[in-house]
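Working notes, beginning with the structure itself.
Worth knowing before you read on, the calculation uses all heavy atoms, side chains too, and leaves out hydrogens, waters and symmetry mates. Residue numbering restarts at 1 for every chain, and letters A, B, ... go by the order of the sequence lines.
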Amino acid sequence: MQINPSVLIIILLGIGIPMAFVQSIPVNIVVCMIALIYLAYRRASIKTITLVGLITLPLALGTGWSFIAFGTGDVWHQAWLQVTRLFAYVLLGMTLTLTTHVKDILFSCVLHLHLSPTFAYGLLAAFNLLPRIQRQVKIIRYSANLRGLTYHLWQPQLYFKAILSALQWSNDLAQGMSSHGFSEGFPRTMTYTDTLPKWQWLLAVVLIITYSYFGFF
Amino acid sequence: MQTVQQSKAHWSLRDVIFLAIIAIFFGIIYQLWSYMYYVLAATPLKPFANDATIGVWLMAGPMAGVVLKKIGATFLGEILASVVEMLLFSSWGVSTLLAGAIQGLGSELGFTFTGYKNWGKTGLALSVVTSTIVTFAWDLFSNGYLHYNFMMLVGLFSVRLISIGFFAGVLVDWIKRLLDRTGLLK
C-alpha cells in the first residue's frame with residue numbers, strides 16, 4: 001500500500017507552506033518522525049536517508065549557529081526551531097522523492113491534478129537526457145580548457161553554450177516525439193493507471209488540518 | 001530550424017523540453033558552486049552564503065523569460081527548475097519547491113510591471129528588484145530572518161540585491177546578448 005503521489009504532493013504543500021510560519025519545535029519533530037516512519041514503511045534506502053541527513057548536518061549547524069550569533073530575543077528557541085524545520089522539510093521531500101519514480105509522479109499528476117500531458121511528457125523527455133546534459137557541461141568546460149580558456153561561473157560563456165545545446169536538443173526531441181505520434185493538445189489514450197482510493201484524500205485533509213491546528217494553536 | 005512560437009501564452013512541447021533542459025543545466029552548474037557554499041554554510045555566516053549565492057538559483061526564471069518572451073515563462077521556468085532540483089538533486093526537500101514558486105513569482109512580477117512589453121534591461125532590472133523584495137519577505141518567515149538583528153538584515157538584503165542583480169540581471173543580460181548574436185532566437 002502506498003500513498004498516491006498526487007495526494008502526497010498535496011500533503012507536502014499543505015504542510016510545507018504553513019511550516020514556514022509555525023513556531024513550534026515539537027510539531028516540527030513530530031513531522032520528522034512521521035516522515036521517517038513512512039520512509040521506513042516504504043523501505044526507502046537507509047543509506048540515502050543517512051547520506052542526505054549527513055549533507056544537511058553542516059547546513060543545520062550553520063543555521064542554528066547564525067541565530068545564536070546574530071539573533072535577537074530567544075535565540076536558542078529560534079536556532080532549534082530552524083534546525084528542526086530544515087530537517088522536517090528535507091524528510092518531507094524524501095517521502096516523495098525516495099519512494100516514487102519520477103514517471104509515476106508525473107503521470108499521477110496528469111490523472112489526478114490536471115497536469116497537461118505536454119508538460120508531463122516534455123519533462124520526462126528532459127529528465128531522460130540527464131546523463132547527456134551532465135556530459136555536455138563537462139565537454140563545454142574541457143573544450144574551453146583545450147583552447148587555454150577557463151569558463152568561470154560568473155562569465156556568460158558556459159551558460160550561453162548550455163542554452164544553445166538546450167535549444168538544439170529541445171528541437172530534436174520535440175520533432176522526434178511528434179514523429180512518434182505525440183500530438184499536443186489532443187486527447188490521449190492513457191495506458192498508465194494507478195490507484196487512488198477516496199480515503200487518501202481524506203487522509204490528506206485530516207493531516208493538513210491536524211498539522212495547522214497543533215502548529216498554530 | 002523551428003523557432004520560438006510567437007504566441008505569448010501557448011506552451012508547446014518544445015518550450016517545455018527547452019525549459020526543463022535549461023533547468024537541468026542550471027542544476028548541474030549549481031553543483032559546481034556547492035563546495036564553496038558548503039564551506040561557508042557550516043558557519044554562522046550561512047545566511048550570507050544563502051544570500052550571496054541566491055542569484056544563481058534565480059537565473060533560470062528570467063533567462064526563460066527573456067528567451068521565450070511569454071507571460072508566465074519566468075514563473076514557470078523557475079518552478080520547473082525547482083521541480084528538477086527537488087527530483088534530481090534534492091538536498092533541500094520540499095523547501096526547494098516552495099522557494100522556487102516564491103522566486104518565480106518575484107521575478108515574474110518585474111516583467112508584469114512592464115506590461116510584458118520590455119524584456120530588455122528595464123524588465124530585467126525591475127525583475128531583480130521585485131524578486132529581491134519577494135524572496136526576502138519569504139525568508140523573513142521561512143528562514144526566520146525576522147529574528148536576526150537589524151544590521152544583519154540590512155547586510156543580508158544588500159548582499160541579496162547584489163547577488164540577484166549580478167546573476168539574474170547583468171549575467172542574464174550578457175547571455176541574452178550572446179544568444180541574440182547567434183540569430184537562433186529570432
Side-chain angles (χ1 to χ4, degrees), chain A residues 12-13 16-17 20-21 52 55-56 58-59 61-63 65-73 75 78 81-82 89-94 97 102 105 118-119 121-123 125-127 129-130 133-134 137 153-154 156 158-160 162-164 166-167 169-171 173-175 177-178 182 184, chain B residues 1-2 11-18 20-26 28-29 32-33 38 40-47 49 56 59 63 67 80 83-84 86-88 90-98 138 141-144 147-149 152 166-167 171 174-175 177-179 182 184-185:
Chain A
L12 296 193
L13 293 179
I17 295 171
F21 304 95
V52 173
I55 294 172
T56 316
L59 302 177
L61 177 75
T63 303
W65 195 351
S66 76
F67 282 97
I68 293 160
F70 303 112
T72 54
V75 293
Q78 270 307 310
L81 178 74
Q82 296 296 331
Y89 272 132
V90 170
L91 284 165
L92 272 182
M94 282 198 279
T97 51
V102 173
I105 299 175
T118 305
F119 274 90
Y121 281 92
L123 281 174
F127 280 135
L129 274 186
L130 178 68
I133 299 175
Q134 277 169 330
V137 172
L153 293 171
W154 53 87
L158 179 61
Y159 306 95
F160 163 65
I163 290 172
L164 282 189
L167 200 60
W169 292 354
S170 57
N171 271 324
L173 260 179
Q175 280 174 9
M177 286 167 74
S178 304
F182 183 91
E184 283 166 44
Chain B
M1 185 156 181
Q2 201 182 336
W11 282 86
S12 69
L13 179 65
R14 201 205 68 115
D15 296 334
V16 175
I17 301 177
F18 180 56
I21 296 179
I22 289 185
I24 298 175
F25 264 119
F26 277 92
I28 294 166
I29 291 171
L32 303 173
W33 283 95
Y38 269 84
L40 263 182
T43 71
L45 295 175
K46 175 179 174 281
V56 183
M59 284 175 77
M63 199 70 245
V67 168
L80 281 189
V83 169
V84 167
M86 181 171 138
L87 294 179
L88 297 178
S90 74
S91 68
W92 290 106
V94 186
S95 48
T96 314
L97 209 58
L98 301 177
W138 171 249
F141 298 99
S142 79
N143 276 321
H147 300 272
Y148 288 127
N149 62 50
M152 173 90 167
F166 177 72
F167 287 106
L171 194 54
W174 283 346
I175 300 167
R177 269 195 261 167
L178 287 176
L179 285 168
T182 64
L184 290 172
L185 295 179

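Taking 4.5 Å as the limit, some side-chain heavy atom of Leu179(B) sits within range of a side-chain heavy atom of Leu164(A). Two residues are said to be in side-chain contact when any heavy atoms from C-beta on lie closer than 4.5 Å; Asn143(B) and Thr63(A) fail this criterion. Gln175(A) places none of its side-chain heavy atoms less than 4.5 Å from the side chain of Leu13(B). For the pair Trp169(A) and Ile17(B), the minimum side-chain heavy-atom distance is 4.5 Å or more.
Taking CD1 of Ile17(A) as the reference point, atom CG of Leu97(B) lies at 9.0 Å (rounded to 0.5 Å). Interatomic distance, CE of Met177(A) versus CZ of Arg14(B), reported as 13.5 Å (0.5 Å rounding). To the nearest 0.5 angstrom, Ile21(B) atom CD1 is 11.5 Å from Phe127(A) atom CZ. To the nearest 0.5 Å, the span separating CE on Met152(B) from CZ on Phe67(A) amounts to 8.0 Å. Of the inter-residue distances, the one linking Ile163(A) atom CD1 with Thr182(B) atom OG1 reads 10.5 Å to the nearest 0.5 angstrom.
The two atoms that bring Thr43(B) and Trp65(A) nearest to each other are CA-CE3, 4.1 Å, heavy atoms only. In terms of heavy-atom proximity, Val94(B) sits nearest to Gly93(A) at CG2-N, 3.3 Å. Between Leu59(A) and Ala41(B), the closest heavy-atom pair is CD2-CB, 3.4 Å. Closest heavy-atom contact between Gly122(A) and Val16(B): CA-CG1, 4.0 Å. Taking both residues in full, the closest heavy atoms of Trp11(B) and Thr118(A) are given as O-CG2, 4.2 Å, listed atom of the first, atom of the second, then distance. Looking at every heavy atom in both residues, Ser12(B) comes nearest to Glu184(A) through CA-OE1, 3.3 Å.
Only the side chain of Leu129(A) comes within contact range of chain B, with at least one heavy atom under 4.5 Å from a heavy atom of that chain. Contact annotation for Ala69(A): only side-chain heavy atoms (C-beta onward) come within less than 4.5 Å of a heavy atom of chain B. In this structure, the portion of Leu98(B) lying under 4.5 Å from any heavy atom of chain A is its side chain and not its backbone. For Phe182(A), the part sitting under 4.5 Å from any heavy atom of chain B is the side chain, from C-beta outward, and nothing else. If you measure heavy-atom distances from Ile105(A) to chain B, the contacts under 4.5 Å come from the side chain alone.
Aromatic ring centres of Tyr159(A) and Phe26(B): separated by under 6.0 Å.
Side-chain contact, Tyr148(B) with Ser66(A): a donor N or O sits under 3.5 Å from an acceptor N or O.
Put simply, of Trp138(B), Phe167(B), Phe25(B), the one with the most heavy-atom pairs under 4.5 Å next to chain A is Phe25(B). Here Leu12(A) is the residue among Ile68(A), Leu61(A), Leu12(A) with the most heavy-atom pairs under 4.5 Å with chain B. Between chain B and the options Leu123(A), Val102(A), Leu153(A), heavy-atom pairs under 4.5 Å are most frequent for Leu153(A).
Taking the six-membered ring where tryptophan is involved, the planes of Phe141(B) and Phe21(A) are tilted, since the angle between them lies from 30° to 60°.
For the pair Thr72(A) (side chain) and His147(B) (backbone), a donor-acceptor distance under 3.5 Å is present. Although no hydrogens or angles enter the test, the distance criterion places no donor-acceptor pair under 3.5 Å between the side chain of Asn149(B) and the main chain of Gly71(A).
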